[in-house]
Amino acid sequence: EIDLSADLFGQTLTSPLLNASGVHCQTKEELNDLANTSNLGAMVTKSATLQAREGNPNPRYYDLENGSINSMGLPNLGYDFYLDYVLQEQTKPTILSVAALSAADAITLLKDLQASDYQGPTELNLSCPNIVGEPQLAYDFEATDRVLSEVFSFYTKPLGVKLPPYFDLVHFDKIAAVLNKYPLTHVNTINSIGNGLWVDIDQEQVVTKAKGGFGGLGGTMVLPTALANVRALRQRLNDSIKVLGTGGVTSGADVFTHILCGADLVSVGTQVMKEGLGVYDRLAEELKDIMAEKGYQTLSDFRGKLKEL
Ligand SMILES: O=C1NC(=O)NC(C(=O)O)N1
């Protein structure tokens with residue numbers, strides 16, 4: 001019998017699949033939908049900021065043939081709402097995603113979280129590309145080091161980071177050197193490929209409003225970048241740091257490939273927007289079929305075993 005079970009920081013999941021933060025996880029209704037979704041092993045909340053945010057003006061999400069472009073701008077109900085959810089409402093293993101528009105806000109939020117009753121996993125989003133005027137923090141290695149150094153001077157609970165995609169082997173070396181200094185539970189890689197641009201040729205105009213139409217790319221088109229980041233970080237990070245693979249998953253084959261490249265768990269975003277939450281049943285079945293065909297019983301039979309030439 002094929003076994004899809006995976007571990008999430010000590011909790012056994014029946015499936016290695018999660019939602020990508022931001023997709024179908026902003027409101028209580030959406031979070032309850034995730035809790036009731038079969039073959040979704042764990043769930044992630046929309047990145048929460050100290051104060052609730054409207055986010056960027058619409059249109060801010062646009063479906064593409066080969067993926068998606070988004071410029072949401074971190075719309076969320078605020079940190080207090082999601083803290084309450086994970087403390088009072090959660091029924092399925094849940095990662096609390098948090099974001100901040102400044103290092104100071106990140107410290108404030110995590111100090112509150114440290115003092116709270118929440119003992120579960122948290123993911124610090126260092127990579128939102130859609131805040132007007134704000135850089136993706138994790139592209140600044142020194143700034144990332146400073147923030148993590150201050151955070152881990154007081155934070156003792158499970159904490160991981162959501163990373164942007166990197167495109168240079170030296171950058172993989174640099175970010176891994178920073179991350180390996182800290183007792184992180186995981187990295188989640190990749191966030192969307194920031195600041196892409198899509199043009200509606202009939203209207204001769206952009207398709208999302210904020211930032212002149214520049215937005216984060218997701219879906220099939222980002223799979224090669226996602227696989228490279230999963231592989232590169234797995235090769236460089238301490239074994240104690242898990243790798244959650246996100247980006248470009250539309251099939252069981254893509255889930256298999258993420259895990260082959262080293263992912264412990266795999267998130268799905270754009271394809272949920274296209275297909276709905278039923279996608280998880282399809283992905284689980286397709287993954288089982290591939291494993292059966294190859295003679296694998298468990299995910300550990302092939303995790304990280306990508307061969308080179
Ligand atoms: O981290 C993020 N990544 C994205 O692609 N979009 C959202 C957002 O804009 O809120 N945030």
Side-chain angles (χ1 to χ4, degrees), residues 18-27 30-31 43-64 66-79 81-82 95-103 105-106 109 122-140 144 147 160-167 175 186-198 206-223 225-226 229 244-249 267-274:
L18 295 89
N19 63 298
S21 177
V23 172
H24 208 103
C25 58
Q26 195 170 320
T27 64
E30 290 178 333
L31 292 166
M43 51 193 271
V44 186
T45 62
K46 171 68 187 176
S47 295
T49 46
L50 269 181
Q51 307 303 324
R53 289 173 55 84
E54 281 289 310
N56 292 336
N58 284 313
R60 59 191 191 182
Y61 185 91
Y62 191 84
D63 184 64
L64 301 173
N66 60 350
S68 65
I69 184 168
N70 92 83
S71 182
M72 305 302 288
L74 286 176
N76 73 94
L77 298 178
Y79 159 69
F81 168 82
Y82 298 99
I95 299 175
L96 174 67
S97 176
V98 297
L101 305 189
S102 68
D105 276 6
L109 190 155
T122 297
E123 186 172 285
L124 177 59
N125 184 348
L126 298 175
S127 47
C128 178
N130 299 322
I131 302 298
V132 176
E134 290 294 325
Q136 290 167 268
L137 185 68
Y139 282 150
D140 180 337
T144 300
V147 169
V161 291
K162 180 73 172 281
L163 297 173
Y166 299 95
F167 300 92
I175 191 63
H186 72 285
V187 301
N188 188 331
T189 177
I190 62 173
N191 207 317
S192 58
I193 295 180
N195 297 298
L197 181 62
W198 187 257
V206 302
V207 297
T208 51
K209 189 169 176 76
K211 294 175 54 177
F214 285 65
L217 305 176
T220 300
M221 72 176 101
V222 310
L223 182 61
T225 295
N229 278 261
L244 272 57
T246 302
V249 173
S267 312
V268 186
T270 297
Q271 196 57 26
V272 173
M273 299 297 287
K274 290 174 181 283

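Just so you know, residue 1 is the first one in the sequence shown, and it goes up from there. Computation of the quantities below employed the complete heavy-atom set of this structure, encompassing side-chain atoms and omitting hydrogens, waters and symmetry-equivalent molecules. As the structure lists them, so they are numbered: ligands from 1, and atoms in each ligand from 1.
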Apply side-chain hydrogen bond (donor to acceptor under 3.5 Å, both in side chains) to residues T49 and D105 and explain how you reach the verdict. CA-CA 8 Å; T49 46; D105 276 6; over 6 Å; no
Please answer whether the main-chain N or O of E123 pairs with a side-chain N or O of N188 as donor and acceptor at a distance below 3.5 Å. no
Taking only residues two or more places apart in sequence, or in another chain, which ones meet L109 in a side-chain contact (heavy atoms from CB on, under 4.5 Å)? L50, Y79, V98
Please give me the minimum heavy-atom distance between N191 and P129, naming the atom from each residue.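 That closest heavy-atom pairing would be OD1-CD, 4.4 Å.
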In sequence, state the C-alpha distance, the side-chain angles, and the governing distance for Y61 and T270, and then conclude on side chain to side chain contact (heavy atoms under 4.5 Å, CB included). CA-CA 10 Å; Y61 185 91; T270 297; 3.9 Å; yes
Anything with a heavy atom under 4.0 Å from ligand 1 counts, so go ahead and list those protein residues by chain and number.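 Contacts of ligand 1 under 4.0 Å: K46, N70, M72, G73, L74, P75, N125, C128, P129, N130, N191, S192.
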Trace of the side-chain hydrogen bond (donor to acceptor under 3.5 Å, both in side chains) decision for N19 with S21: CA-CA 6 Å; N19 63 298; S21 177; over 6 Å; no
